[in-house]
Amino acid sequence: MQRYIDVRGVMRHQWLSRCFAIALIPSIAALPLLAQKTQSDKTAEQQNREAGQGDSSGAPLGIQPGAPTIKTKDITQERKIAPWVRLPRYFLQDQKAIWTSPFHTSKAEAKWWLVFGGTTAALLASDKWTSKQLPNTSDQIAVSKWTSRLGAGYSLLPISGTFYFIGLGAHDERFRETGILGFEALADTAAVGMVLKLATRRERPLEGDGNGGFWAAKSSFWNSGFPSGHALSSWALASVVAHEYPHPLIVPITAYALATTVCVSRLTVRQHFASDIVVGAGMGWFIGDYIFLKRHNRDLEKPSAIERLKAHVHIGGPARAAQLNNPEAERSALFKEMSTAEN
């Protein structure tokens, strides 16, 4: 009787997975049409690239600035709804770029894919051994279960929303952008994770024979272990926050430390193998990196009118202009001092 129930459950999961795959086909076919850039997007993209000229922040896969999620006119005209209206179109553009990124990689950038693939292969080969090295006590499971909740959607979405609404209320556009880019990154990771889970259907450490078999009969899309969704989402949001606020250094350190804590907890709670987590974390970081470099508004890097005014106001002390928080200005000043020293 139990075997009959298990067979029915497997058949039901397989039927749901096939229905989901069939439902994706029209969406994938319509993706190029729905993801088309509008003229406003093209204009904003050109302006964003011009504003970002001289930016020293590099990208492993050569990502070029695109139309920002929050455009400059949204800020100047106080348009609060417009970024959310265009977000679905940007999400489709993101998906197109993410899934086709391996086909647009140059030879110089291919090393990142080789390193990532080699690491994944090594972890897959040692997953069973690694999983058995844990103490696997009841206390370990209990603590890990609570810690892993930091990487769940019901935790990450409110964090992203908090960034957005605090920034909106305080008129802090950088904070506001962090929130909406975080939301965009979480949506992208959810879609990527969903497709990969559907494609791999990997057993978790406590399922089947404990070997983590792929395309297993007892595993399903809804419970597939590869990759770790918690690792994907937590590292994507951490990547966005770290890119938005690289200074002070405590901000990116804290963001990545929390994401790492989530990853470790998913291993110690025995919900994932090490390869599930590392692949999820790597892809999550890449998606967060892509979202920031593609959708960040470079005009936010320019000093505000108040900062420019403060740079020319001197109250006591030496009559030396204050330095603006502008990377290009800092580099120019450094080169000038070096030239003077050499002469």
Do [X] and [Y] touch side chain to side chain, with heavy atoms closer than 4.5 Å?
| X | Y | result |
| --- | --- | --- |
| Leu124 | Phe214 | yes |
| Ser228 | Arg266 | yes |
| Pro83 | Arg86 | yes |
| Trp99 | Val195 | yes |
| Phe116 | Met283 | yes |
| Val262 | Trp235 | no |
| Phe273 | Arg202 | yes |
| Leu267 | His272 | no |

Grab the two heavy atoms, one from [X] and one from [Y], that are nearest each other, plus how far apart they are.
| X | Y | result |
| --- | --- | --- |
| Gly153 | Pro158 | O-CD, 3.8 Å |
| Ser224 | Thr200 | OG-OG1, 3.5 Å |
| Pro248 | Pro252 | O-CD, 3.4 Å |
| Ala255 | Ala238 | O-CB, 3.5 Å |
| Tyr290 | Ala97 | OH-CB, 3.2 Å |
| Ala259 | Ser234 | CB-O, 3.8 Å |

Query raised in the report: Which pairs count as side chain to side chain donor-acceptor pair (under 3.5 Å) when at least one residue sits in residues 149-162, sequence neighbours excluded?
Result: none
Would the distance check show the side chain of [X] and the main-chain N or O of [Y] forming a donor-acceptor pair, the cut-off being under 3.5 Å?
| X | Y | answer |
| --- | --- | --- |
| Ser131 | Asp127 | no |
| Thr189 | Leu186 | yes |
| His296 | Phe292 | no |
| Glu177 | Asn297 | yes |

Nearest-0.5 Å distance that lies between atom [atom1] in [X] and atom [atom2] in [Y]:
| X | Y | atom1 | atom2 | answer |
| --- | --- | --- | --- | --- |
| Ile159 | Leu237 | CD1 | CG | 6.5 Å |
| Ser239 | Glu244 | OG | CD | 10.5 Å |
| Ile70 | Arg174 | CD1 | CZ | 11.5 Å |
| Ile75 | His171 | CD1 | NE2 | 12.5 Å |
| Thr268 | Ile141 | OG1 | CD1 | 7.0 Å |
| Leu181 | Tyr164 | CG | OH | 11.0 Å |

Tell me whether [Y] is reachable from [X] by hopping between hydrophobic residues (I, L, V, M, F, W, Y) whose side-chain heavy atoms are closer than 4.5 Å.
| X | Y | result |
| --- | --- | --- |
| Leu150 | Leu157 | no |
| Val264 | Trp129 | no |
| Ile98 | Leu232 | yes |
| Leu300 | Val251 | yes |
| Trp215 | Val279 | yes |

Sidechain N-carboxylate O distance under 4.0 Å for [X], [Y]:
| X | Y | answer |
| --- | --- | --- |
| Lys128 | Asp209 | no |
| Asp276 | Arg204 | no |
| Arg298 | Glu301 | no |
| Asp289 | Lys294 | no |

Report task. May I have the step-by-step check of side-chain contact (heavy atoms from CB on, under 4.5 Å) for Asp172 and Ile166, ending in yes or no? Result -> CA-CA 8 Å; Asp172 188 327; Ile166 289 180; over 6 Å; no
Query - Partner residues of Phe183 under the ring pair (Phe, Tyr, Trp, His ring centres under 6.0 Å) criterion, sequence neighbours left out - result: Trp84
Report summary line: Residues at least two apart in sequence or cross-chain that pass ring pair (Phe, Tyr, Trp, His ring centres under 6.0 Å) with Tyr90, listed by chain then number, are none
Report task. Dump the intermediate steps for side-chain hydrogen bond (donor to acceptor under 3.5 Å, both in side chains) on Trp285 and Tyr256, then the final yes or no. Result -> CA-CA 10 Å; Trp285 181 89; Tyr256 288 134; 3.1 Å; yes
Would you say the side-chain atoms of [X] and [Y] include a donor-acceptor pair closer than 3.5 Å?
| X | Y | value |
| --- | --- | --- |
| Glu184 | Thr69 | yes |
| Asp188 | Gln95 | yes |
| Ser265 | Thr147 | no |

Query - Stepwise side-chain contact (heavy atoms from CB on, under 4.5 Å) check, Arg295 with Asp94 - result: CA-CA 10 Å; Arg295 303 299 177 195; Asp94 297 341; 3.3 Å; yes
Report task. Report the C-alpha distance between Lys71 and Asp299 in whole Å, list the side-chain angles of each, state the deciding distance to 0.1 Å, and finish with yes or no for salt bridge (Lys or Arg N to Asp or Glu O under 4.0 Å). Result -> CA-CA 9 Å; Lys71 298 179 181 179; Asp299 280 336; over 6 Å; no
Query raised in the report: More than 12 heavy atoms of other residues, nucleotides or ligands under 6.0 Å from CD1 of Ile81: is that the case?
Result: no
Query raised in the report: With a cut-off of 6.0 Å (strictly less than), are more than 12 heavy atoms of other residues, nucleotides or ligands near CD of Gln77?
Result: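 Enclosed: over 12 neighbouring heavy atoms sit under 6.0 Å from CD of Gln77.
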